[in-house]
There are 2 protein chains.
Amino acid sequence: MTDLDALDVDLLAALREHPRAGALELSRLLQVARGTVQARVDRLEREGVITGYGPDVDLAAAGFGVHAFVTLEIAQGALDAVADELAAHPAVLEAYATTGASDVLCRLAASSHEDLQRTLLELNRSGVVARSTSVVVLSEVVAPRTTPLLRSLPREAPRRAPAYRD
Amino acid sequence: MTDLDALDVDLLAALREHPRAGALELSRLLQVARGTVQARVDRLEREGVITGYGPDVDLAAAGFGVHAFVTLEIAQGALDAVADELAAHPAVLEAYATTGASDVLCRLAASSHEDLQRTLLELNRSGVVARSTSVVVLSEVVAPRTTPLLRSLPREAPRRAPAYRD
DNA sequence: GGTCATGTGGGCGGACTGTACAGCTCACGA
DNA sequence: TCGTGAGCTGTACAGTCCGCCCACATGACC
């Protein structure tokens, strides 16, 4: 676990807002030297804070307008089997083991309600799932984001970056 | 809504796997001309299929190791108020209005269990939330992904791309 | 005081981007 | 059957950026 300083957070935000920007343009935006930007990005990638770079795909625009969240109750100790099952199904966008009455929460996408129903039936038919409940997404209330969270922590100023004044 | 052909899907997958690749390298990977890659990417961005380009941040690596999903029951017609409330809270990563017994499903991140508890209390205290249930994420079963879904549909071959085979 | 890590500013060659243009080929409609 | 237009290819050129150097400055730490 790394702790980020204010420059790191600004760098991540700048990367998100200016996807096409190279190191040189970022250095201009952040008022630091190009080498600093490159070193910071390298460090963030090396330490696993940056895991990739999109592209972020709007599934609705790509023809998958129906989204749903499904909770699964599974047989004791069958988590691995369920993980394989879910990973093998393309409609599963992500899945997490959770506390609570259910064991797994996963998010599905489909091109239509019929398509979604088909997916749900396939998952239920697989045997490892004891019970499932599903809710369909009606609208996006808060779009996916991380910057506000990263900014919410009090950040120390960069240890050394004379040219960087926020 | 756009329908993507096989080249579009391969292009999106290549972009994800080779984040640093420019148009020229992508054109080599996909065995098409550079101009084609540029034209396709432009089209995908213009039509809203590509909405952005990361960086994808591993929140656990950034100090926010605790994730939770929360379902909210809200007062009749208070969705806008809840949306504002949620948007104002940095710990809210995303939120969706859903069918089912609850009205809103949202995903939270926090630096610790105490931090999470504090967030939950703040959301409950706000008044617009009638009831809430929360589950904590224990582990990632399927990592976020979209490529399998995009590949799952039978895609027509690109209408014209003589150099593009497979 | 010395050392280390980090940031700054600069320079260099090679590589890439943006843009333009001509030619090819297929789909479509007159 | 024959244009026409859209899409892809290949090429070219100028401008820009990247990766990699270097010397030097500045705090933190020993």
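Order of the sequence lines sets the chain letters (A, B, ...), proteins ahead of strands, with each chain counted from 1. Source: prediction; values computed, not measured.
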Colleague: Identify, with sequence neighbours excluded, every residue that meets side-chain contact (heavy atoms from CB on, under 4.5 Å) alongside B:P148.
Modeller: A:P90, B:R145
Colleague: Could you tell me the separation between the CG atom of B:L29 and the P atom of C:dC16, rounded to a whole number of Å?
Modeller: 12 Å
Colleague: Using atom CD of A:Q31 as one end and atom P of C:dG7 as the other, report the distance to the nearest whole Å.
Modeller: 16 Å
Colleague: What is the bend of the helix from C:dG1-D:dC30 to C:dA30-D:dT1 when you compare the axis at one end with the axis at the other, using five pairs each and rounding to 10°?
Modeller: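 Between the first-five-pair axis and the last-five-pair axis there is 40°.
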Colleague: Mind checking who shares a hydrophobic cluster with B:V104, ILVMFWY linked at side-chain heavy-atom distances under 4.5 Å?
Modeller: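 Hydrophobic cluster check, B:V104: joined to A:V141, A:V142, B:V66, B:V70, B:L72, B:I74, B:L79, B:V82, B:L86, B:V92, B:L108, B:L116, B:L120, B:L123, B:V128, B:V129, B:V136.
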Colleague: With sequence neighbours excluded, tell me which residues meet side chain to side chain donor-acceptor pair (under 3.5 Å) with A:D115.
Modeller: A:S111, A:R118
Colleague: A:T133: what forms a side-chain contact (heavy atoms from CB on, under 4.5 Å) with it, not counting sequence neighbours?
Modeller: A:T71
Colleague: B:A60: what forms a side-chain contact (heavy atoms from CB on, under 4.5 Å) with it, not counting sequence neighbours?
Modeller: B:D58
Colleague: D:dC8 C1' sits how many Å from B:L11 CG, rounded?
Modeller: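 Distance, rounded to whole Å: 14 Å.
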Colleague: Tell me, please, which residues at least two apart from B:R151 pass side chain to side chain donor-acceptor pair (under 3.5 Å).
Modeller: B:D10
Colleague: So which one's nearest nucleotide on DNA chain C is more toward 5', B:G35 or A:R43?
Modeller: A:R43
Colleague: Once side-chain contact (heavy atoms from CB on, under 4.5 Å) is applied, do any residues pair with B:V137, and if so which ones, sequence neighbours excluded?
Modeller: A:Y96, B:H67, B:F69
Colleague: How many angstroms lie between atom CG of A:D3 and atom CD of A:E47, to the nearest 0.5 angstrom?
Modeller: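 Reported to 0.5 Å precision, the distance equals 9.0 Å.
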Colleague: Along nucleotides 16-23 of chain D, 5' to 3', which nucleotides get a B, which get an S, and which get a -, given that the test is a protein heavy-atom distance under 4.0 Å?
Modeller: -SBBB---
Colleague: Roughly, in whole Å, what's the span from CG in B:D10 to P in D:dC8?
Modeller: 14 Å
Colleague: Nearest-Å distance, CG (A:L7) to C1' (C:dT6)?
Modeller: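 Distance check: A:L7 CG to C:dT6 C1' gives 12 Å.
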Colleague: Rounding to a whole Å, what distance do you find between A:D5:CG and C:dT6:C1'?
Modeller: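 In whole Å, C:dT6 C1' and A:D5 CG are 12 Å from each other.
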